[in-house]
Amino acid sequence: MSIAILDYGSQYTQLIARRIRELHIYCELFPWNAPKQEVLAIAPQGLILSGGPASVYEKNAPFLLPYILESKLPLLGICYGMQLLVQELGGKVSPSKQREYGLSEITTSADNPLLPPGTHQVWMSHGDRVEMLPSGFTLLAASSSCPIAAIGDSKRHIYALQFHPEVHHTPNGLEMLKRFAIDICNASTNWTAQSIIQNAVKNIRQQAGEQNVLAAVSGGVDSSVATALVHKALGLQLRAVFVDNGLLRQGERDQVEVALRTQLGPELHVVNASQTFLSALHTIDDPEKKRKIIGETFIRVFEEQAKKLGKARFLVQGTIYPDVVESRAPERSHGQRIKTHHNVGGLPEQMDFELIEPLRYLFKDEVRAVGEALGLSEKLVWRQPFPGPGLAVRCLGSITEQRLVKLRAADFIFRQELIEAGLLNQRFQKEQGIAQAFAVLLPVRSVGVMGDQRTYQEAIALRAVTTQDFMTADWARLPYELLASAANRIVNEVAGINRVVYDITSKPPATIEWE
């Protein structure tokens, strides 16, 4: 009793899935040309066709596979999905004289089960428009710049929107998706943390059987929850290994070890491999090469540990859905690769392990909910996110122990200032605190003056963002006094730094991490 989402290449497609999941409805994301049997295998109660960058009248544009209409399932087309339905059903789509990107207001023009009555703010992003409705369809809403903003055929339960209900810029968008998924499709609302745990335990046991499993733990939310899930499923078959790769934050090794030994059941083995990683990264400044080297080195370290602890066939990783999306995992996304995550694309092709990834299609908020349901401490579950490659992707340029010392110190000062100001909240979704904050060491030197003497030293960039899903984020409007205090302390307390800047770029166009 689920919803299937067909991905036509929109940057927002993953947000559709997240919004449906917020309604406690299970959904899966499929490429637009996924085989009929694969999509229908999840027994969907309805189909959602995403937006996309193409035009329906272009040669080789993604098209509507026959089974979509033949299924007789309720359909919701969004942007490009709307235009596909219109074209396939006999309407007309044409290039718009004026492209429309950004906020707009629509007014509902007819009573219908999808759109609440009245005027609504929505987010438009399109260059084509519907000129003529297909037979059987009714105009549901319009705006001053988009005469056909929403249409529907209530007899066939087919609806289409020219705007994006899945983004936060459409305040009533979740209500629209709820009306489609629950009222029109009658989908089940049983996708909860407990059901996720039950399904994960079942799948883990089925995959691992009686084989030994090695878990790569970092103390982060994702790896900790993944390890706890596997431990619940397999018990003593699991061995947890925490690798100090030399790329951790200040004091992190001790903090993580204490937290994991307290919170997690499996035997924990701590490995100091910092010199191995730093030697492998010596002279490397390309971010993609860094990720590949870190992924390769992790696997080799774990293979060595497996020999010492008893041969393990499986390796647990805390890969989550944003990792998959941003790494352009081909089975779930047609978007362009943004960066390689070491949990996804940074692993070597040849390794002795098969992967167990129980969180692979969960969003961060779902991971945290599962962690709480498993009984993990709030401090661990709501810990600040930290990238798998660690400080390697925050130390831009070459990585040396000396540069890492600078970065650790600056990062510690910044986060300490935020904590003392009460701004680095654990439960950022509920309390609107800062979701992620850190320092970045730039491979840039600039002239300064200290003690009446000229300096030529490196610069630190500070980054703090607010977000609810980590797929989009906005820069945090920090008090000037806090920024001034952090910058003053960093310049005075961290040798080799004479300039501090603050990143005021949202995601998109930037990513949260710099590399």
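This structure is a prediction, so every number in the text was calculated from the model and none was measured. All values below were derived from every heavy atom in this structure, side-chain atoms included, with hydrogens, water molecules and symmetry-related copies excluded.
- Salt-bridge formation is not detected for the pair K290/D285: no Lys NZ or Arg NE/NH1/NH2 atom is positioned less than 4.0 Å from an Asp or Glu carboxylate oxygen.
- Side-chain atoms of S188 and N190 include no donor-acceptor pair closer than 3.5 Å.
- Using a 4.0 Å cut-off between charged side-chain N and carboxylate O, R368 and E372 make no salt bridge.
- Residues R403 and E458 are paired through a salt bridge, judged by an N-O separation under 4.0 Å between the basic side chain and the carboxylate.
- Around atom CD of E210, no more than 12 heavy atoms belonging to other residues, nucleotides or ligands sit under 6.0 Å away.
- Here the closest non-hydrogen pair linking W191 and L362 is CZ2-CD2, 3.8 Å.
- Using modelled atom types, one finds a donor on one side chain and an acceptor on the other under 3.5 Å when comparing T13 with D7.
- Side-chain N/O atoms of E354 and Q211 include no donor and acceptor closer than 3.5 Å.
- In this structure, E357 contributes its side chain and G318 its backbone to no donor-acceptor pair below 3.5 Å.
- Using a 30° and 60° split on the angle between ring planes, Y12 and H164 fall in the perpendicular class, above 60°.
- Side-chain N/O atoms of Q416 and R489 include a donor and acceptor closer than 3.5 Å.
- Cation-pi geometry between R249 and F386 is met: under 6.0 angstrom from the ring centre, within 45 degrees of the axis.
- Taking both residues in full, the closest heavy atoms of R383 and V221 are given as O-CG2, 3.5 Å, listed atom of the first, atom of the second, then distance.
- A donor-acceptor contact shorter than 3.5 Å links the side chain of N272 to the backbone of S274.
- Taking a 6.0 Å sphere around CD of E401, one finds it holds more than 12 heavy atoms contributed by other residues, nucleotides or ligands.
- Closest approach of L482 and F414 over heavy atoms only: CD2-CE1, 4.3 Å.
- D286 pairs by the side-chain hydrogen bond (donor to acceptor under 3.5 Å, both in side chains) definition with nothing, not counting sequence neighbours.
- Figure legend: R21 and F363 shown without cation-pi pairing, the cationic atom not lying both under 6.0 angstrom from the six-membered ring centre and within 45 degrees of its axis.
- Looking at Y8, its side chain never comes within 3.5 Å of a backbone N or O of C79 through a donor-acceptor pair.
- In this structure a side-chain-to-backbone donor-acceptor pair under 3.5 Å is present from Q207 to L355.
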Point to revise | Trace of the side-chain contact (heavy atoms from CB on, under 4.5 Å) decision for Q436 with I512 | key: CA-CA 8 Å; Q436 198 165 352; I512 294 177; 3.6 Å; yes
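- When all heavy atoms of T189 and L23 are compared, the pair lying nearest together is CG2-O, 3.6 Å.
- Summarising the local packing, NZ of K406 is surrounded by more than 12 heavy atoms from other residues, nucleotides or ligands at distances under 6.0 Å.
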**Study point:** R463 vs E513, salt bridge (Lys or Arg N to Asp or Glu O under 4.0 Å): CA-CA, chis, key distance, verdict
**Key:** CA-CA 9 Å; R463 178 81 156 142; E513 299 291 343; over 6 Å; no
